[in-house]
> 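Quick one: the structure is below, questions incoming.
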Number of protein chains: 2
Amino acid sequence: MVPVSALSARPAHPARAQWLDSIIKGDCVAALEALPDHSVDVIFADPPYNLQLNGVLHRPDQSKVDAVDDEWDQFASFEAYDAFTRAWLLACKRVLKPTGTIWVIGSYHNIFRVGAKMQDLGFWLLNDVVWRKTNPMPNFKGRRFQNAHETLIWASPNAEARGYTFNYDAMKAANDDVQMRSDWLFPICSGSERIKGEDGKKVHPTQKPEALLSRILLSSTKPGDVVLDPFMGSGTTGAVAKRLGRHFVGVEREQDYIDAAEKRIAAVEPLGEEMLAPLPGKKTQPRVAFLSLIESGLLAPGDTLTSPKGDHVAVVRADGTLARAKDAGSIHRLGAIVQGQESCNGWTFWHYEEDGNRYPIDRLRGRIRASIAGI
Amino acid sequence: MVPVSALSARPAHPARAQWLDSIIKGDCVAALEALPDHSVDVIFADPPYNLQLNGVLHRPDQSKVDAVDDEWDQFASFEAYDAFTRAWLLACKRVLKPTGTIWVIGSYHNIFRVGAKMQDLGFWLLNDVVWRKTNPMPNFKGRRFQNAHETLIWASPNAEARGYTFNYDAMKAANDDVQMRSDWLFPICSGSERIKGEDGKKVHPTQKPEALLSRILLSSTKPGDVVLDPFMGSGTTGAVAKRLGRHFVGVEREQDYIDAAEKRIAAVEPLGEEMLAPLPGKKTQPRVAFLSLIESGLLAPGDTLTSPKGDHVAVVRADGTLARAKDAGSIHRLGAIVQGQESCNGWTFWHYEEDGNRYPIDRLRGRIRASIAGI
DNA sequence: GCGTGGGGTGAATCCGCGG
DNA sequence: TCCGCGGATTCACCCCACG
C-alpha cells in the first residue's frame, strides 16, 4: 500500500498488520505512530468534550447528577484544549487515506473549537450531522433549553479529495426512498447495551449507542474497510465494525476501558447477508408543539378556541399559551382548568371554527405532520 | 439616520433613543458606534456564511441553482473571516447589557469558526440550537447527506452573567407541557412571506423565516426589550420584534435591503398587549411567608405538620418556624434536616391533615395567593 | 405470566434576590 | 460585591418488585 522507502524508520506494512482488529494502549498521538501513512479508510473520533462544570447539580428530587468529572476531561484552558485537538487531528490526518473520511462527535462545549481547528488543518467539511436524542437528560433548573442533541462533523482530508465512500443509495433506501438528512434520531445508550462493571455501575461515562456508529459505518465505509477510533473507550466502534464486517483499530489510554472493550468485541458475532438489511425507519409520530400552529400561520394570536360544545372560550396568545379571563397556560392546562379536571388533552378538547364548523385543533396538528411527513 | 453628535461624544442614553426602531445604514462595526454601552437586551446575528462555492451547480433537470454568490459573502481566507467575526462580536459585546444574550445563526461553513471565536472572546454558551428544515434543498450530486439544518448559538456575554431572560414556563407550556428542546422544526422562508422585488425575484438570498425569529424572541426577551440585528438584511428581526411588542435596531450596508426592510416593517401590525403578556411562572408569583398562614388562621401555633408519608412530624410555632425535638428552623431548613439533605422545599414537603387526608402546605399558600389576587 | 408502580439515570458548562 | 437563604426545578426509558 505504501512503499517501504516512504516510511524510512517505520517497519514495512505486513500483509495483515499487527494492529488490525486490536486496541493499542497509549496516548492517542503516540500510539498512532504504530500505523503507517494512509492506512485507514475512516476515522471515528469521540474526543474529550472539555466540560467545565462548577459544583454539583441536583435533580428536583434532590438526587445528585452523576456528572462527567473524569481526569481525562480536564483541560487547563481553551489553549490547552486547542493544542490537544490539533495534535490528535494531525496524527489522524497522517494515517487517513486520501480517499478516507473522518467523523468527530462533540457538544457545544467543544465542537466549535474542533470544527474550526479541522478547517485550519485543511480538512474539508462534507456535512455536520445532528444526533437528536429521543431521551436526553432534562434541564433541571429551567434556565436553558433542554440540551437534546450532539453534533457530528464529517470531513475529507482536504478540499481536493475525491473518491471517498458515501453509500448514497443505501442511505436513501433506508430512509423511505428519500435522501438521508443531516439530522438523525436515536436513543442514548442505556439498558442492556450499556456496559456495566461487576459493581453494576457503567464502565464508561459517555458510551455511544451502537445505532449511531452503525449508521456512520453503513453510510461511509465498505465491507473490509479499516476503521480507526483514536478514543476507543468502551469499544462501540470496534463492536459495530466487527458486526458489519469492517476492520477496526482502537487507541485507548485506560486499561479498564481496554479490558471492557476487548471482552465486548470478542462477544460480537459478525453479520452475514443481513448486513444489507435497511436501517430501521422512523419512530412514532413526531411531537408537534402547539406554538408550531401559530408559527406556521394555521392559528394567529388573538384567535379564539372553544370547547367541543362551545361553552368555554379561550384566546390564543403569541407565545403558544391559551388565556381565559385570569387563567392562562398550555392548551392542556387551560382545558383542565375550565373543566375543573386534573388533566386534559388540549389537542382534542379545543376547537377552532372553519366554514361555520367546529374542528379540534388536532386537525391542524395533522396538517403540520402531513407537511413534515417523510422526515 | 444617526445624529453626528452621537458618534463623537456618545451622549447619555435619551429617553427614547434616535436609533430605536430604526435601521442604521453602514458597516456593522462602525454603525454600532452609535449605540451606548449596554443598551440592547438581545442580539440576533445572521452573519455572512462564507460559503466557498466553486463553479455553478445544476439540478438533475439541468436548471441552475441560484447560489449565494454575493460580494458580501466573499472572504479571502479563514483568517480574514475570523478577523471580521472578531470585530463584529466585540462591537456586539460592548452594546449588550450584562443581562442580555446573543443569538448567532450559521451553517457548517462558518458556525464552528464563529462559535470558537465567541468562546475566545469570553461569551458563555448557553445552548446550541438546531433549526431542522422541513423543506431543505436536496443534495443534487448524491455525494453527501442532505444538508437539512442550520445551527444557532445562544450565549451570554460572560460565564458569570446572571439574570438573562429565558421564558421557561411559556416555552414549556407551548410545547405540550414538556421542556422546549434544542432542536426546532420550521419550514424555510418561502411563499408569500418571502420578500420579492418588482422583478418578482427574491430581494435577499438568505431571508430567515419569521417563525424562527418568533421563537427566539418569545423565549429570550420580554415585551419592551430592545433587539439588535447587526446584519438586518430583509428585516425579519424588525418585523417580528414589532409584531411581538419588542423594540428593534438594525444595521445594514445595502440600501436595497434597507428599503425593503423598512417597507416591510411599516406594514406590520403589533399584537395587542393581552396577546403578549408573559405567562407567569411560579418564580414570578408573589412570595408568601409561612408566617402568613399562621397570621391568617390557616394554621395555628401547636399544629403538627408531617412529611408526605407521615414518618416525620413537626410542630408549628408562633413565630413561623417549625420544631421537632431539638431541631427548629424554617419549613425549608427543618425539612432538609429531617431528611438529612442539603436543601428542601418546605412548601411541598410538609403536609397538614384535613378531612382525614394529607395535603402539602403549598395548598394553603395557594389560598393566600388567591385571596391576594382578588384584592 | 402480565400489568402496574416505584426507583434509577443519562456528556450538564443549570438560581436570584435582598441585605 | 459578597453572602445567606428562600424555594424552584425533570423527560424518556429501563429495571425490578409486587400483586
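Everything numeric in this text was worked out from a predicted model, so none of it was measured. Within every chain, numbering begins at 1; the chains are lettered A, B, ... in the order of the sequence lines, protein sequences first and strands thereafter.
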> Over how many whole Å does the gap from B:Asp177 atom CG to D:dT9 atom P extend?
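Going from B:Asp177 (CG) to D:dT9 (P), I get 13 Å.
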> Salt bridge or not between B:Arg132 and B:Glu150? Use side-chain N to carboxylate O under 4.0 Å.
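Result for this pair is no, no salt bridge flagged.
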> Please classify the nucleic acid contact of B:Arg181 as base, sugar-phosphate, or nothing, using heavy-atom distances under 4.0 Å.
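Since no nucleic acid heavy atom lies under 4.0 Å of B:Arg181, the category is nothing.
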> At under 4.0 Å between heavy atoms, what does A:Pro209 touch on the DNA or RNA strands: base, sugar-phosphate, or nothing?
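Counting heavy atoms under 4.0 Å across all strands, no contact is made by A:Pro209.
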> Starting at CD of B:Glu160 and ending at P of C:dC15, how long is that distance when rounded to a whole Å?
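Those two atoms, CD and P, are 13 Å apart.
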> Can a salt bridge be assigned to the pair A:Glu193 and A:Lys208 using a cut-off of 4.0 Å between side-chain N and carboxylate O?
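So A:Glu193 does not pair with A:Lys208 through a salt bridge.
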> When all nucleic acid strands are considered with a 4.0 Å heavy-atom cut-off, which category describes B:Ile331: base, sugar-phosphate, or nothing?
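The answer is nothing, as B:Ile331 stays clear of every strand by at least 4.0 Å.
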> When all nucleic acid strands are considered with a 4.0 Å heavy-atom cut-off, which category describes B:Thr348: base, sugar-phosphate, or nothing?
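Nothing, no heavy atom under 4.0 Å.
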> Pairing of DNA chain D as dot-bracket, 5' to 3': ( ) intra-strand, [ ] crossing, | other strand, . unpaired, with Watson-Crick or G-U pairs under 3.5 Å?
.|||||....|||||||||
> On a heavy-atom basis, which atom in B:Trp154 and which in A:Arg144 lie closest, and how many Å separate them?
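Nearest pair, atom of B:Trp154 first, then A:Arg144: CZ3-CA, 4.2 Å.
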> Considering every strand and a 4.0 Å limit on heavy-atom distances, what is the contact class for B:Gly329: base, sugar-phosphate, or nothing?
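The residue B:Gly329 makes no contact with any strand.
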> Is a donor-acceptor contact shorter than 3.5 angstrom present between the side chain of A:Lys133 and the base of C:dA11?
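Check fails, no donor-acceptor contact within cut-off.
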> Verify the distance criterion only: is there a donor paired with an acceptor across the side chains of B:Trp103 and B:Ser220 at less than 3.5 Å?
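B:Ser220 and B:Trp103 do have a side-chain donor-acceptor pair below 3.5 Å.
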> Within the structure shown, what part of the strands sits under 4.0 Å from B:Gln285 by heavy-atom distance: base, sugar-phosphate, or nothing?
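The residue B:Gln285 makes no contact with any strand.
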> Summarise protein proximity over nucleotides 5-10 of chain C in one line of letters, 5' to 3': B for base, S for sugar-phosphate only, - for none, counting protein heavy atoms closer than 4.0 Å.
----BB
> Could you tell me whether A:Arg253 sits above the aromatic face of A:Trp72, with NZ or CZ closer than 6.0 angstrom to the six-membered ring centre and within 45 degrees of the axis?
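So A:Arg253 doesn't make the cation-pi contact.
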> Could you check whether A:Arg143 gets within reach of a base, just the sugar-phosphate, or nothing at all, counting any heavy atom under 4.0 Å?
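Answer is sugar-phosphate: A:Arg143 comes under 4.0 Å of backbone atoms only.
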> In terms of side-chain heavy atoms of B:Arg365, which of D:dA8, C:dA11, C:dA12 is nearest?
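Of the options given, the side chain of B:Arg365 lies nearest D:dA8.
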> C:dA11, D:dC11, D:dG7: which one has an atom nearest the side-chain heavy atoms of B:Val178?
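For the B:Val178 side chain, the nearest candidate turns out to be D:dC11.
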> Should the ring pair A:Trp347 and A:Phe290 be called parallel, tilted or perpendicular, given that the plane angle runs from 0 to 90° and is split at 30 and 60?
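Plane angle over 60°, so perpendicular.
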